[in-house]
Amino acid sequence: GTRFPDYSYSPGFPAAGEANVLSLTLPPRASEILKPFVVVVEDDPTQRMLLKFLLSDAFRVADFGRADQALRVLRNHPADLILSDIDMPEMDGFEFRRELAKDHRTDTIPFVFLTGHSDDSTADRAGDLSIDDFLEKPVTQPILLRTARRLIRRARNLRERLVLENANEATESLGVSVPKRIGELQ
């Protein structure tokens with residue numbers, strides 16, 4: 001039959017009792033596209049799958065087993081939130097956070113450490129990296145969702161406020177200079 005990206009049609013043979021078949025592939029719902037994008041970085045596959053499951057109803061989730069993989073993706077596709085384990089091979093969570101902080105495309109993305117460490121020295125090291133939160137594993141779904149929503153909401157509100165302030169400043173600067181230019185033309 002005829003095939004297009006969004007539908008296919010196969011004519012049936014009525015004499016043989018076959019009906020025409022039309023199949024439609026609908027685009028993703030807007031609500032799915034508009035869900036905030038969360039990146040999970042966790043080397044333990046079971047933990048990674050669990051976190052993705054706990055988050056997937058409320059967010060679009062990309063998960064990575066290694067921090068260097070996530071770093072490459074985040075530089076081109078910034079997330080609304082990053083959740084990262086600390087103890088990982090090759091690049092640990094601390095180094096991952098330091099690398100994100102070096103890049104203007106990723107330095108302000110809300111960042112949460114998820115870890116099994118409950119000692120003060122780990123929490124202090126994490127805090128020194130300007131992270132947004134530190135959650136101990138195992139984390140419950142309500143705490144995970146509440147933390148994610150709070151940080152994403154705060155970051156969006158901040159971005160909106162900065163855009164509005166910049167727009168107001170630009171408008172004010174134009175308002176002062178426009179009459180002078182118009183006056184000069186007369």
Side-chain angles (χ1 to χ4, degrees), residues 28-167:
R29 293 189 343 229
S31 62
E32 186 66 26
I33 294 170
L34 297 176
K35 283 183 179 180
F37 177 45
V38 175
V39 168
V40 173
V41 185
E42 167 65 66
D43 63 315
D44 181 319
T46 305
Q47 285 288 325
R48 194 168 58 245
M49 284 183 5
L50 175 62
L51 290 167
K52 188 171 185 173
F53 174 76
L54 294 175
L55 294 163
S56 62
D57 284 344
F59 306 103
R60 288 179 296 129
V61 181
D63 60 294
F64 299 91
R66 293 187 1 221
D68 61 321
Q69 296 169 332
L71 194 57
R72 281 194 300 275
V73 171
L74 286 163
R75 287 188 171 138
N76 295 313
H77 305 284
D80 294 295
L81 175 68
I82 299 168
L83 302 169
S84 177
D85 186 20
I86 292 177
D87 293 324
M88 295 182 288
E90 297 177 37
M91 180 187 292
D92 69 12
F94 295 119
E95 181 60 26
F96 176 51
R97 177 64 189 134
R98 280 190 288 274
E99 288 298 316
L100 290 167
K102 292 178 187 177
D103 190 327
H104 74 278
R105 295 169 293 184
T106 57
D107 64 339
T108 61
I109 298 171
F111 189 97
V112 176
F113 274 131
L114 297 170
T115 184
H117 295 286
S118 60
D119 60 282
D120 288 339
S121 66
T122 301
D124 289 344
R125 281 184 67 199
D128 290 342
L129 295 172
S130 300
I131 64 164
D132 296 279
D133 215 330
F134 182 91
L135 299 176
E136 290 182 33
K137 297 179 197 174
V139 64
T140 64
Q141 187 176 29
I143 291 172
L144 185 62
L145 293 175
R146 186 171 48 247
T147 300
R149 287 182 177 124
R150 173 179 50 84
L151 293 173
I152 290 169
R153 185 173 44 252
R154 187 187 71 199
R156 285 188 174 175
N157 288 343
L158 180 60
R159 277 193 302 272
E160 288 171 10
R161 191 171 70 223
L162 289 173
V163 166
L164 184 60
E165 287 174 7
N166 286 335

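Just so we're clear, the structure is a prediction, and the values are computed from it rather than from any experiment.
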State, with a plain yes or no, whether a side-chain heavy atom of [X] is found less than 4.5 Å away from one of [Y].
{"X": "E99", "Y": "R75", "answer": "yes"}
{"X": "L83", "Y": "T147", "answer": "no"}
{"X": "L114", "Y": "V40", "answer": "no"}
{"X": "D63", "Y": "M49", "answer": "no"}
{"X": "R161", "Y": "L158", "answer": "yes"}
{"X": "F96", "Y": "R66", "answer": "no"}

Inter-residue atom distance [X].[atom1] - [Y].[atom2], 0.5 Å rounding:
{"X": "K35", "Y": "L55", "atom1": "NZ", "atom2": "CG", "result": "10.5 Å"}
{"X": "L74", "Y": "R105", "atom1": "CG", "atom2": "CZ", "result": "10.0 Å"}
{"X": "R48", "Y": "K52", "atom1": "CZ", "atom2": "NZ", "result": "9.5 Å"}
{"X": "T106", "Y": "L71", "atom1": "OG1", "atom2": "CG", "result": "6.5 Å"}

Which heavy atom of [X] sits nearest to which heavy atom of [Y], and what is that distance?
{"X": "A101", "Y": "D107", "answer": "O-CB, 3.5 Å"}
{"X": "A155", "Y": "P110", "answer": "CB-CG, 3.6 Å"}
{"X": "A148", "Y": "L81", "answer": "CB-CD2, 3.4 Å"}
{"X": "M88", "Y": "G93", "answer": "CE-N, 3.8 Å"}
{"X": "V139", "Y": "L144", "answer": "CG2-N, 4.1 Å"}

CA sep, side-chain torsions, deciding dist, call: R156, D80, side-chain contact (heavy atoms from CB on, under 4.5 Å): CA-CA 9 Å; R156 285 188 174 175; D80 294 295; 3.6 Å; yes
Determine, step by step, whether L135 and V112 satisfy the side-chain contact (heavy atoms from CB on, under 4.5 Å) criterion, reporting the C-alpha distance in whole Å, the side-chain angles of both residues, the deciding distance to 0.1 Å, and the verdict. CA-CA 7 Å; L135 299 176; V112 176; 4.0 Å; yes
side-chain contact (heavy atoms from CB on, under 4.5 Å), that's the test. Do I109 and L100 meet it? Break it down for me. CA-CA 9 Å; I109 298 171; L100 290 167; 5.6 Å; no
Taking only residues two or more places apart in sequence or in another chain, which ones pass side chain to side chain contact (heavy atoms under 4.5 Å, CB included) with I131?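 Result, side chain to side chain contact (heavy atoms under 4.5 Å, CB included) vs I131: R97, F111, F113, A126, L129, F134.
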Does any pair with a residue in residues 128-140 pass salt bridge (Lys or Arg N to Asp or Glu O under 4.0 Å), and if so which ones, sequence neighbours excluded?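 Sorted pair list: E42-K137, D85-K137, D132-R154, D133-R150.
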Step-by-step side-chain contact (heavy atoms from CB on, under 4.5 Å) determination, F53 to Q141: CA-CA 10 Å; F53 174 76; Q141 187 176 29; 5.9 Å; no
